[in-house]
**Q** 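This is the structure, below, for whatever I ask next.
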Amino acid sequence: MTSTVPALGTRSADGSPLQAVLLDMDGTLVDTEGFWWDAEVAVFAGLGHRLDDAWQQVVVGGPMTRSAGFLITATGADITLAELTVLLNDEFERRIGRALPLMPGAARLLAELAAHRVPTALVSASHRRIIDRVLHSLGHANFALTVAGDEVERTKPFPDPYLLAAAGLNAEPARCAVVEDTVTGVTAAEAAGCRVVAVPSVSPIEASPGRTVVTSLEQVNLPFLHGLMSLN
């Protein structure tokens, strides 16, 4: 876990029950899910294997260990998980360049949270080297702390990353709003006891009690996030 600016407290400025906002990265704030899949396809092509497009639904949103492990098993590639992880991260970094496309509404939402001094964390299954690269596009100052997938013993779909982020912001998980784009991330956030708004990217996500599903971040603003705290 890396802190980028001092934690800003435990409540929003207006005294709302919303204490913090925890945001996923890939597919939620930055339009990178396609970059990851293209990187996986390229790496496995170099290993002499062709990936089935249907497998993208399996690997999206998952930690590197799960996604890479699945692809090794599915293809029978002669490579270790550690070796493949390095190749995938290297290929992804080559593809993204320095500036990344943000998801519609992401820049506005981050600016709004910062303007109202809402404690905000970036919580990703991506490794620290990738997060630090993407923060050039997202802005380091927009996050009080960041949690990477290789910094926790159990990453998504386990609740650990969100519990760590909430604790780092001195917030109660039940009073944190989480924004996620995959079932894996939603599962992690809900297991942590957070309120969740899902913005599906590659795979559909069903609405359920305590979970709100929208089609775009453009539908998400601070009043919307405050409203999550009052849902049954």
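Sequence positions, counted from 1, serve as the residue numbers for this chain.
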**Q** If you count every heavy atom of other residues, nucleotides or ligands that lies below 6.0 Å from D78 atom CG, does the total exceed 12?
**A** no

**Q** Return yes if some donor-acceptor pair links the side-chain N/O of R175 with the main-chain N/O of P17 below 3.5 Å, else return no.
**A** yes

**Q** Is there side-chain contact between L122 and L135, with heavy atoms separated by less than 4.5 Å?
**A** yes

**Q** Let me confirm one number: the OG-CD distance from S208 to E190, rounded to the nearest 0.5 Å.
**A** 5.0 Å

**Q** State plainly whether one hydrophobic cluster holds both V58 and F158, where clusters connect Ile, Leu, Val, Met, Phe, Trp and Tyr through side-chain heavy atoms under 4.5 angstrom apart.
**A** no

**Q** For the atom pair CG (L109) and CD (E218), what is the distance rounded to the nearest 0.5 Å?
**A** 11.0 Å

**Q** Roughly how far, to the nearest 0.5 Å, is CG of D181 from CE of M25?
**A** 10.5 Å

**Q** In sequence, state the C-alpha distance, the side-chain angles, and the governing distance for V43 and L71, and then conclude on side-chain contact (heavy atoms from CB on, under 4.5 Å).
**A** CA-CA 11 Å; V43 166; L71 293 174; over 6 Å; no

**Q** Do E112 side-chain atoms and L222 backbone N/O form a donor-acceptor pair below 3.5 Å?
**A** yes

**Q** Are V118 and L225 close enough that some pair of their side-chain heavy atoms sits under 4.5 Å apart?
**A** no

**Q** Using the rule given for side-chain contact (heavy atoms from CB on, under 4.5 Å), can you reason through L110 versus L23, listing the C-alpha separation, both sets of side-chain angles and the distance that settles it, and then say yes or no?
**A** CA-CA 10 Å; L110 290 174; L23 299 158; 3.7 Å; yes

**Q** Of all residues at least two apart in sequence or in a different chain, which pass the salt bridge (Lys or Arg N to Asp or Glu O under 4.0 Å) check with E83?
**A** none

**Q** Looking at S216, is its backbone amide N or carbonyl O close enough to the side chain of Q219 to form a donor-acceptor pair, meaning the two atoms are under 3.5 Å apart?
**A** yes

**Q** Work out which heavy atom in V152 is nearest to a heavy atom in P161; give both atom names and the distance.
**A** CG2-CG, 4.1 Å

**Q** Hydrophobic clustering (ILVMFWY, side-chain heavy atoms < 4.5 Å, transitive) - are F143 and L163 grouped together?
**A** no

**Q** In terms of hydrophobic clustering (I, L, V, M, F, W, Y; side-chain heavy atoms under 4.5 Å; direct or indirect links), are V86 and I72 co-clustered?
**A** no

**Q** So, does S126 use its side chain to make a donor-acceptor pair with the main chain of I131 at under 3.5 Å?
**A** no

**Q** Checking the side chain of R108 only, and the main-chain atoms of L217 only, is there a donor and an acceptor separated by less than 3.5 Å?
**A** yes

**Q** Between N142 (side chain only) and A114 (backbone N and O only), is there a donor and an acceptor less than 3.5 Å apart?
**A** no

**Q** Please confirm whether the backbone N or O of G185 pairs with a side-chain atom of T182, one donor and one acceptor, at under 3.5 Å?
**A** yes

**Q** Less than 3.5 Å apart, any donor N or O on the side chain of T212 or R195 sitting next to an acceptor on the other?
**A** no

**Q** Can you check whether L47 reaches T75 side chain to side chain, under 4.5 Å on heavy atoms?
**A** no

**Q** Between E180 (side chain) and V196 (backbone), is there a donor-acceptor pair under 3.5 Å?
**A** no

**Q** Angle between ring planes, F92 versus W36, binned at 30° and 60°: parallel, tilted or perpendicular?
**A** parallel

